[in-house]
Structure formats: C-alpha cells, structure tokens
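Worksheet: the structure to be examined is printed underneath.
Ligands are counted one by one from 1 in listed order, and the atoms in each one are counted from 1 as well.
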Amino acid sequence: MQKNTFGSMRRILCMVQFHYADFPISEKFVLIIFLKKGLHRPGARTTIHIFSAADSSGMLSAQEITHRFLDTKLQVHPEVVRYILEQDEPALIERIIAGVPKDTIVVSAKHIPGVKPVRDGMRFAVDPDVEVVSGSAGTSGAVNGTGDYLHYFRDRYSRLGGMIRSRVGAMPIEGLTKNSRYRQEECTVIGMVVEVKTTTNGHRIAEIEDSGGTISVLFRKDRPVFSDAERIIHDEVIGVKGKLSNDGKLFFAELLYRPDIRIDNAPFKSGQPGKAVFISDTHVGSNTFLDASWNKFADWLSDSDYSYLLIAGDLVDGIGIYPGQDTELTIKNIYEQYDAFGAMMQDLPSRMKIIISPGNHDVVRGAEPQPVLPAQFVKEFPSNCVLVENPALVRLQGVRVLMYHGRSIDDMIGLIPGASYEKSGQMMEEMLTRRHLAPAYGRKTPIAAGKTDRLIIDPLPEILHTGHVHIKGITNYRGVLGINAGTWQSQTKFQKQMNVNPTPALAVAVDLQTLVPETFSFA
Ligand code: D5M
Ligand code: FE
Ligand code: ZN
C-alpha cells in the first residue's frame, strides 16, 4: 500500500458523498452565495467566519503586531501575537493595550479581553480514585484489512480538522481549486500533509489533501509563517490561510493553523489531597538496571503519602530488542523479567495504586495502541496494579493523565529542525500542538490503523506522561503539564553509540491539587 493511504484509498473507493462541516457540498456553495450577499440562514454559524475572513483585505504581520506593542513600551508573548493573527482583528491590539495594567512588561494571554480560562470538558470534583477513560484491557483492536486504514485516516483528518475548524472557517480544497472566483482572494483550507519538502530556493512546500482534493502550499522563507512551516511533518493535519495563484496550482500561505490547545485552557485540579509519582523505563533484567537506586526509591515511597505511581512503559528490558542485547541481560528469560518487576511492585506500599502501560521493550505487539500485558506475564504483580494500554488516558481524582511511552519522539527528532533527545519537554509540546501522539505515519513508530485514531490527543489531559527518551524533561504548554522522568538504567553500549546520554534514577511527583511538579533524585 502506498504511504499516502488517505489519498490512495480515497481514489480507490471514491464517490463517497463529501460532507463538509455537516453540509453536503452543494449546499455549501449555496451557503457561500448567501453569505456573500450578507444573508444569514439557520445553521450557517461555522461558515460565517470563513467567508468574512476571505473577504477581509490583508492582515497584519507578526512583526507589525509586535511593533505596535513595542511602540507603547510593551513586550508581547508570541502566543498573543499568534492569537491576534488568528483572530484577524487589528482593533484587538488597541483593546489589549488599553486593558493592560500599568506595571506590565510582557503582554500574555491573560491580558486578552474576553479570554477567560475554561476547562476542556466536564469533570467531577470527586471521582473514583483511578478511572481508565481509554486504554483499558482489550481495546487496542486488530487491523482487519485495508478498509481500516481508510477509516483511520478519515478519522484522523475529520477530528483534527474539526479542531482547527472550531477556531477558523475553511473551505473544501476542491471548491477552492475548481472555482476561479477564489483566485487572489484570501481563504483558508484544511488538509492532511501528504508530503513536505524544502525547495531549491529554500522555501517550504507541502502537499495537503482533504476528502475531496489536494493542493500544493508554498511557505516563502521570507514570510513570518516560515518558522511554523519548517516544523510541518507528513500526516499531520494543518490549516493554511492565504491566496491561490492565478493559475490555481499553488497556494501561497501566510498563516498556519494547528489543532493545538486553546489559549484559554484551564487544567482541572483535584479538590481533595492526592499526589502522584511519575516514572518510566525501568528496564528490569538489564545489567544496567540501577538496583540500588530503585531500592532507595522504594524506601522513599514507603515513607511517603503518595497515592499513585504511574509507569509509562519499558518495564523490562525484553529479549532481542537491539543487537547484542543478550550479553547485557542479567535475566535472560522474559517471564522471569516480569516476575522480578512484579516483586519490585510487591515491595511498594500496597495502599498505592500503580498504573502500568507498556513500551517498545515490553512483550506485547509493537504497533500502537499496544495492548496491556497478557495475564501469563503478570502473575507476580500485586492486585493494586492497574494495567493499561499504550497510550492510555486515566483519571486520578478527576485529573486526567495521558500516558504514552513516546516512541514517536524518535521520528519527530528526525523531522523537526532543532528537535533532540535532550529536549524531551519540547517533544511533548510538538505532540500537543498537533494534538497527536505520533503524527508521522510509516516511520519507526508502528501504528495499528484501527477504525478510530487512538493516538489523537482528545480529550485534553491535565498531564501528558511520556518515557522512552531516558532523559528527563518537564514542560507546561497551554496548561498541560508534560512529564518525562527519564529511566532507571544507566547508559547502554547501544545508547552510547547513538549518543543518548540518560538522566537515570529520577522520579517526578505532582500534587494533584496544585499540579506543581517536583523532581527527586535517587542516583
Ligand atoms: O530507548 C532508549 C533511548 O535510545 C531513547 O532515547 C531512544 C534511543 N533509541 C532507541 N532506539 C533507537 C534507534 N534505533 N536509533 C536511535 N536512537 C534510538 P529504548 O526504547 O529504551 O531502547
Ligand atoms: Fe526505554
Ligand atoms: Zn522505549
């Protein structure tokens, strides 16, 4: 099958009635005409923005916006600049400036009039201690045929595209390319990236497609949008605002939208006391597993009041995972590796809930979502262990934690300029802004393309918990706390060759009432 499954499958099956924003395409065009005449009709809510945006003449650049603020001796956070660009409402700048308190140095999201923090979705203050929202046993699913791939990419496009569409109106690609009336008019389209490359002149060009058409989008290197465009990776879903060329073949982008997190996102905090500890990559069975450090950690937990321990994969080192691994194993039997891990869990306070998801060294299939550990491997695990898939969304007293091992980070490092294992915090931001745990399909991260895309980040968690990179990273991106606590093994020969320098024996604790992280070292 071709890499571009979304498109190729579409071409094979074709002629599925195209719906856009819940309107059949023919109705859509009626809507366009109505709106052009300034008429309203019930249900046209989402489209009003689209075409009023298309009608507006030009927009301010990021630089111009920054300068307007600087003129009044104010610095401005890039997030606010982006927000103003997206709103395309120049008067907003003056309104923000008018409302900024006197001693303000940097204008941030909280200074935008009308932006009040809201929670993403309903939550109850009092929840069951641990609730597995998604990723409970038996939900990883099988891939039954090529039809599932079509569903998978459709689901990815419609859900991620829907997130962009909730902020900005957009039109179908085919509607734009087939109708010459849109040439030289500013408009927005949303598509999945089929291919992206740098031209010989250093511009960036991406081919994007929706359910009905494809278009090449040019991001000029001298335009402000270029820094966003440099980070485009294939199979992510983006929106682009700009103008189509006269011949209808190339779209000149001025603004790039990602599904992203709303600027006013306010994380839920537990109303009751409760603390959680986050770790990953214990790699039990490896001769680099840090036994003494683990024992210190276990003693510390015994003396603590932590309610939850979350472990985001690579529980054991496994068998035959990398070349020459057998010479670096102290436990060469996979069952015995899990028995040793189980014994370690038994040693921890039984009052704690321990939530365990697998990683690429674990015994389950590598394709994500990875299933929970099968029964024959967990015989020694105590009953306070909750086994979940990778990824899994769990609620701890209502605080949502998305656990994902993080294999896609290997792919993103190869695709995003400036990305590296040392910046695992940034890598979590790259996932959050794309609202996807593993955006690039068909590289190192195997994905089992089920009917729905389980790797989409929706609903938003309060905490994104990853592992895999073996290097600690903490970030806070638009109210979501990203935690990667590193590993419990020292550098392996293989990692030395790969120039991966781990930060072992760290645990990150979070108070669920404040969501403030704290790092503890047991090295
Ligand atoms: O991954 C441990 C670390 O090693 C993590 O930083 C990723 C890195 N790693 C793993 N496999 C590769 C390959 N094939 N190339 C480069 N870097 C890699 P773990 O999953 O624990 O082995
Ligand atoms: Fe690992
Ligand atoms: Zn791993």
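Only the side chain of Asp410 comes within contact range of ligand 1, with a heavy atom under 4.0 Å; no backbone atom does.
For a distance bound of 2.8 Å, the N, O or S atoms of His361 include none lying that close to the Zn ion (ligand 3).
For ligand 1, the polar-atom distance check finds an N/O of His468 within less than 3.5 Å of one of the ligand's N/O atoms. Residue Val469 has at least one N or O atom closer than 3.5 Å to an N or O atom of ligand 1. The distance criterion of under 3.5 Å between nitrogen or oxygen atoms is met by His361 with respect to ligand 1. No N or O atom of Gln495 sits closer than 3.5 Å to an N or O atom of ligand 1.
Given atom 16 (C) of ligand 1, the protein heavy atom at minimum distance is Met498 SD, 3.4 Å. With respect to atom 12 (C) of ligand 1, the closest heavy atom belonging to the protein is Phe494 CE2, 3.8 Å. Of the protein's heavy atoms, Tyr421 OH, 3.4 Å lies nearest to atom 17 (N) of ligand 1.
The cationic atom of Lys353 (NZ for Lys, CZ for Arg) does not lie both less than 6.0 Å from the six-membered ring centre of Tyr308 and within 45° of the ring axis.
Those atoms of ligand 1 with a heavy atom of His283 less than 4.0 angstrom away are 21 (O). Atoms of ligand 1 found under 4.0 Å from any heavy atom of Asp314 (numbered from 1 in listed order, with element): 19 (P), 20 (O), 21 (O). Atoms of ligand 1 lying under 4.0 Å from at least one heavy atom of Lys444, given by number and element, are 15 (N). Taking a cut-off of under 4.0 Å to the non-hydrogen atoms of Asn360, the atoms of ligand 1 that pass are 20 (O).
Under a 4.0 Å heavy-atom criterion, Tyr322 is not in contact with ligand 1. Residue contacts with ligand 1: Arg407 is excluded, as none of its non-hydrogen atoms falls under 4.0 Å.
Counting only protein N, O or S atoms, 4 lie closer than 2.8 Å to the Fe ion (ligand 2).
Close placement of the Phe381 and Phe341 rings is indicated, their centers lying within 6.0 Å of each other.
Vertex the Zn ion (ligand 3); arms to His405 atom NE2 and Asp314 atom OD2; angle 90° (nearest 10°).
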For this session: Test side-chain contact (heavy atoms from CB on, under 4.5 Å) on Trp488 and Val284 and set out the steps.
Result: CA-CA 8 Å; Trp488 292 83; Val284 172; over 6 Å; no

